[in-house]
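Convention: sequence-line order gives letters A, B, ...; per-chain numbering from 1. Worth knowing before you read on, the calculation uses all heavy atoms, side chains too, and leaves out hydrogens, waters and symmetry mates.
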Amino acid sequence: MSEEARGVVAEVLAKGEVDGVLGLREDEGAVGPHYFRKGDDLDSLVLSPKYALPLVLRWFRLHSPDTRVGAVLRGCEERALVELSKRRQVDLEMIEVIGLACTAEEAKECGCVNGSPTNVMIGTPTEGLPERREFLALPDADDGARLDYWKAQYSKCIKCYGCKNVCPVCACEVCMMADHGWVRGGSLPPKFATFHLIKAYHMADRCIECRECEAACPVSIPLTEMYGRLLRDVERRFDYVTGADPEQRPPLLTTLMDEPILEEEEEGGG
Amino acid sequence: MEYKSVLTTCPYCGCGCNMFLQVIDGHLVGTLPSKTHEISRGSLCIKGWNSHEWVESPDRLRTPLIRGEDGELHPASWDEALDLIGSRLQAIIDDHGGDAVGLLSSARCTNEENYLMQKLARAVVGTNNIDHCARLCHASTVAGLAGTLGSGAMTNSTPDIPLADCILVTGSNTVEQHPLIGSRVILAKERGAKLIVVDPRETPLSTMADIWLHQRPGTDVAWLNAMMHVILREGLEDSEFIEARTEGFEEMRPVLDRYTPQVSEEITGIPAAELEAAARMYASADKGCILYSMGITQHTNGTDNVKSVANLALLTGNMGRKGTGVNPLRGQNNVQGACDMGALYNVFPGYQKVADEAARAKFDEAWGVTCSDVTGLTVVEMMHAAHDGKMKGMLILGENPMLSDPDINHVREALSTLDLLVVIDIFLSETAAMADIVLPAASWAEREGTFTATDRRVQRIRKAIEPVGESRPDWRIICDIAGRLGAEGFDFQSPVHIMEEVVTVTPQYGGIDYERLEEGGLQWPCPSPDHPGTPILHVDKFTRGLGLFSAVEHQEPNELPDDEYPMTLTTGRMMFHYHTGTQTRRTPALDQEVPTGYVELNPEDAKRLGVNDGQMVEVKSRRGKIHIPAEVTEKVQPGVVFIPFHFAECAANLLTNPALDPVAKIPEFKVCAVSVEPVKGGA
Amino acid sequence: MTEDEWEPKILVFCCNWCSYAGADLAGVARLQMPTHFRVLRVMCSGRFKPEYAFKAMEQGIDGVFVLGCHIGDCHYLEGNHRAKKRFEVLEDMMVHLGVEPGRIKIDWVSASEGVRFQAVITEFVAHIKELGPSPLGGGR
Ligand code: SF4
Ligand code: SF4
Ligand code: SF4
Ligand code: FES
């Protein structure tokens, strides 16, 4: 598929409508994000492992808002852009998405249920994704076993903030997880469970299940088991699917009739 | 728009994570962990994640500074500063000899720079007075393990720690000090490995351990000996291994006989039954792995402690296999490398002894000089020599003894008596502020080179942005100083060329070159270009041949609590800051997390002293006193207080005891006697 | 502390314009009420951040009750809409976490509804008593 991707990227660059294309490069034995320009040798372009490219696009927008760029993005990454645009963190007009369809294997590994980007230019859209995400079976809530499970999981936390730093949609200017009013500074592990519940709650109407947070977590806390469940709740209650429609307002920012709330704009979590 | 994603190695701890620095239009905007790197695997700790934040800080030194007649530091040109250093250093050498000069190299700098620093000392200044802060952390490891195993380094690799069946962690707050090793211990434990923690203080690992023993600080030999006593008593030793691979067992045995668990209990306070359980747990594991750090090394008997740890692993045959070993976790990003490069008072690169005539001859020939056979001075000894007026000039590279060394008041007096103090640093540290001449160095994100991680992994750092202001890479600066002293053999064009010289004189690094490092790190020994590197030491044979058991006796710390100073102070670090804080405290995310120091005080003591959580207290030792807020917590035992040493405004090292281990010359940071009192009128 | 002596710790967040006045009215009228709660005033129920609930639970609070103006009466127009939606998600979260969702609750009390205040509080306190001490129990 890399070969195909090189051709597609070369074409996009040749058209000259973008300044460059953000993708992945294999170099010096390591794979990382890279910005390909017209005329660059594209042999080093690769497609995996995936990196949080929407995060890089956020930095682009912050430091060079007038540059129009292309980006090789998977389905979840495109959905991240949609959520970011709702929060005015990226400008969709300034990004040409070069859609990359995950292989069936990749999709299975991620437990993806949401599928390919809208405009697939590399690979073929995966068919037959499961209807519903398969969650781990959580222990019973009644006898406290479920709470114990989360206590054990969250007590592994080394407070690296990787789950926040890497998350493409965690884009608040001031993060409540780092605010001493909410979470005591310096204690390790952070006390159960405000630190983690802040993040979880804030993800309920914006997480796009790219699972970058879990990949970044050095102690393998199954973070999206919580986030993903909340997403399903939000979908059920408010008929809202993250990352689908740039025009749909996040439900926690609208009235009971889905009208925008005028009173205050989002701060912190929403 | 220019965007670059530059692969490099984290500048903080010895784990050696790899990250991509994110650069837009020549400025650092972020950090991403490398997903394809063996250590980081897509993760970093909080320091690594924020390592770009301080680089372009307005506080960075941007020009050389020279102290004027008015006593202040004034900006100067590079030529002025270098000429002045050259002439004044030369004058000292001419008048008092090379041994009147001391050089402190830096575990924060690259291998290439450390190599050059010791070459500058030995080949140009003509002294072995070269040392660095490894003296303060793992000198006892270098001495202890070199003696028993033949190699003063981690025997195994970071990635194979999770393969252990039982992990014994002692004197290491692994999660906070080596986060990406700590996380592996957590994952191993979760997967079913047994975890034993021996530490006087509660740490994130101790709370999840199967067994947590808290010993009285400074009594490690006693419990280690007693563990071995139990192992022998119950026949849990690996006799085959002892027979085939070791020597000295019979000599050690009678000593162990005396350390019954009851004897240990009296000395250490560890209940005999708990110690026995721990001994059984470790000895019955197929693969037992020991991780230790400064809780073992920073004692006046640090070398003995290290030997004792090695004894335990030898006794149970936990050597030379995956998931086993004796693993000293080296603190700084390149403390392993700085030692490898011979930035030590007694060895050339590759641990070739200065006292050894053949080694001297080799370096005489390589450098075209005659190296001094006078043993050099160590960090703390240099301060004494300066204090006594014997040391006239010092050149300090990227170190901050004014915060990191024991008994800072003494250090201050020592440094102020010098005729010439030159400091090369990226910020105006507490030490640089005392210098006659300060040279601005380029930061790790602004230069090329290699670091050697704690598991002997040699890795590249790469330049992501141009040096700020007029700052220059340290290697360049050292070459320039050498040039001003009329030396030859310092006309390197880049770190690549320096490494080319390093490999010719350092057998362990013989097969290392930049091109190979592009493909990923290499673990030494890597003696030849076709050698794949060595993830596990001592596989079929110890570096010294046979593993050597050493009979070691318990010895009380140098300074014990008494009526005047009734409590024991132990010092250390925390997750959110690094060393003397010059970088981390300029990192908003870290400064926000923990803005200042604190003293941990057990609730029992707090009650007795009438101290509330957060209240200001005065902590006093024979050497100094500080005011610091109290943190009342059960993390410390009654009678023991803990202070992290990162913070200049409440510097733990004003209090610490500079008493030294006689072999490794490491100071006893982990134990000294103090008194604690509420500050009058302190809220 | 033994089970029998246990007394629930409950925080009640009242919006400034309706519910706080309602609570006041209940107090002035000396209506009979349990004593296990503390009232905290927020400008609007929409100003109640879910994070308050996490923090309270972390510190061992057994129940969190938020009271605002009736839907349509919010002095900031739709603050209570927002609060309502937030609570639904919060309740779901408690379920996933393994904490009884009944420990957090939102309801509406107007400035004139002293009696209603008495009724909803009495019921909430009774419910928390039934649930027993919070399993997060940081404060115990
Ligand atoms: S899966 Fe994790 S990283 Fe991805 S959007 Fe959700 S919370 Fe953020
Ligand atoms: S990534 Fe994992 S360890 Fe790091 S802060 Fe998040 S949950 Fe904690
Ligand atoms: S664990 Fe060590 S090497 Fe890795 S990011 Fe943290 S400080 Fe850097
Ligand atoms: S003011 Fe009462 S709920 Fe908004």
Checklist line | Arg236(A) versus chain C, the contacting section by heavy-atom distance below 4.5 Å | finding: side chain
Item checked: For chain A, the option from Leu90(C), Asn80(C), Val95(C) that forms the most heavy-atom pairs under 4.5 Å -> Val95(C)
Notebook entry, point to check: Is the shortest side-chain N to carboxylate O distance from Arg237(A) to Asp92(C) below 4.0 Å?
Noted result: yes
Notebook entry, point to check: So how far is it from Leu136(C) CG to Lys191(A) NZ, rounded to the nearest 0.5 Å?
Noted result: 9.5 Å
Next item on the list: Might you point out which heavy atoms bring Met93(C) and Tyr201(A) nearest each other, and give the distance in Å?
Entry: CE-N, 3.8 Å
Note to self: Within the supplied structure, the quantity of interest is the number of heavy atoms (other residues, nucleotides, ligands) at a distance under 6.0 Å from Glu123(C) CD; does it exceed 12?
What the structure shows: no
Next item on the list: To the nearest 0.5 angstrom, please state how far the NE2 atom of His202(A) sits from the CD atom of Glu51(C).
Entry: 4.0 Å
Notebook entry, point to check: Looking at Trp182(A) and Lys49(C), what are the two nearest heavy atoms and their distance?
Noted result: CZ2-CD, 3.9 Å
Notebook entry, point to check: If you take all heavy atoms of Gly98(C) and Leu147(A), which pair is closest and at what distance?
Noted result: O-CB, 4.0 Å
Next item on the list: Give a yes or no on whether the backbone of His96(C) and the side-chain of Trp150(A) come within a donor-acceptor separation of less than 3.5 Å.
Entry: yes
Item checked: Atom pair CD1/NZ of Ile198(A) and Lys55(C) - distance to nearest 0.5 Å -> 8.0 Å
Notebook entry, point to check: Are more than 12 heavy atoms from other residues, nucleotides or ligands located less than 6.0 Å from atom CZ of Arg38(C)?
Noted result: no
Checklist line | His196(A) and Phe54(C), any side-chain heavy atoms less than 4.5 Å apart | finding: no
Notebook entry, point to check: Taking everything shown except Asp239(A) itself, do over 12 heavy atoms lie less than 6.0 Å from its CG?
Noted result: no
Next item on the list: Heavy-atom pairs under 4.5 Å with chain C are the metric here; pick the option from Ala141(A), Ala193(A), Gly144(A) that has the most.
Entry: Ala193(A)
Check: Between Leu138(A) and chain C, which part of the residue has a heavy atom less than 4.5 Å away: side chain, backbone, both or neither?
Finding: side chain
Notebook entry, point to check: Any donor-acceptor pair under 3.5 Å linking the side chain of Glu58(C) with the backbone of Thr194(A)?
Noted result: yes
Notebook entry, point to check: In Å and rounded to the nearest 0.5 Å, what is the CG to CG distance from Leu197(A) to Leu97(C)?
Noted result: 5.5 Å
Next item on the list: Determine whether Val234(A) and Val89(C) make a side-chain contact, defined as any pair of heavy atoms from C-beta on separated by less than 4.5 Å.
Entry: yes
Margin query: If the test is side-chain hydrogen bond (donor to acceptor under 3.5 Å, both in side chains), which one of Lys85(C), Arg82(C), His81(C) qualifies with Thr254(A)?
Written below: Lys85(C)
Item checked: Per-residue contact mode, Pro251(A) against chain C (heavy atom under 4.5 angstrom) -> both
Item checked: Interface moiety of Tyr149(A) toward chain C, non-hydrogen atoms closer than 4.5 Å -> neither
Note to self: For Lys84(C), which atoms come within 4.5 Å of any heavy atom of chain A: side chain, backbone, both, or neither?
What the structure shows: side chain
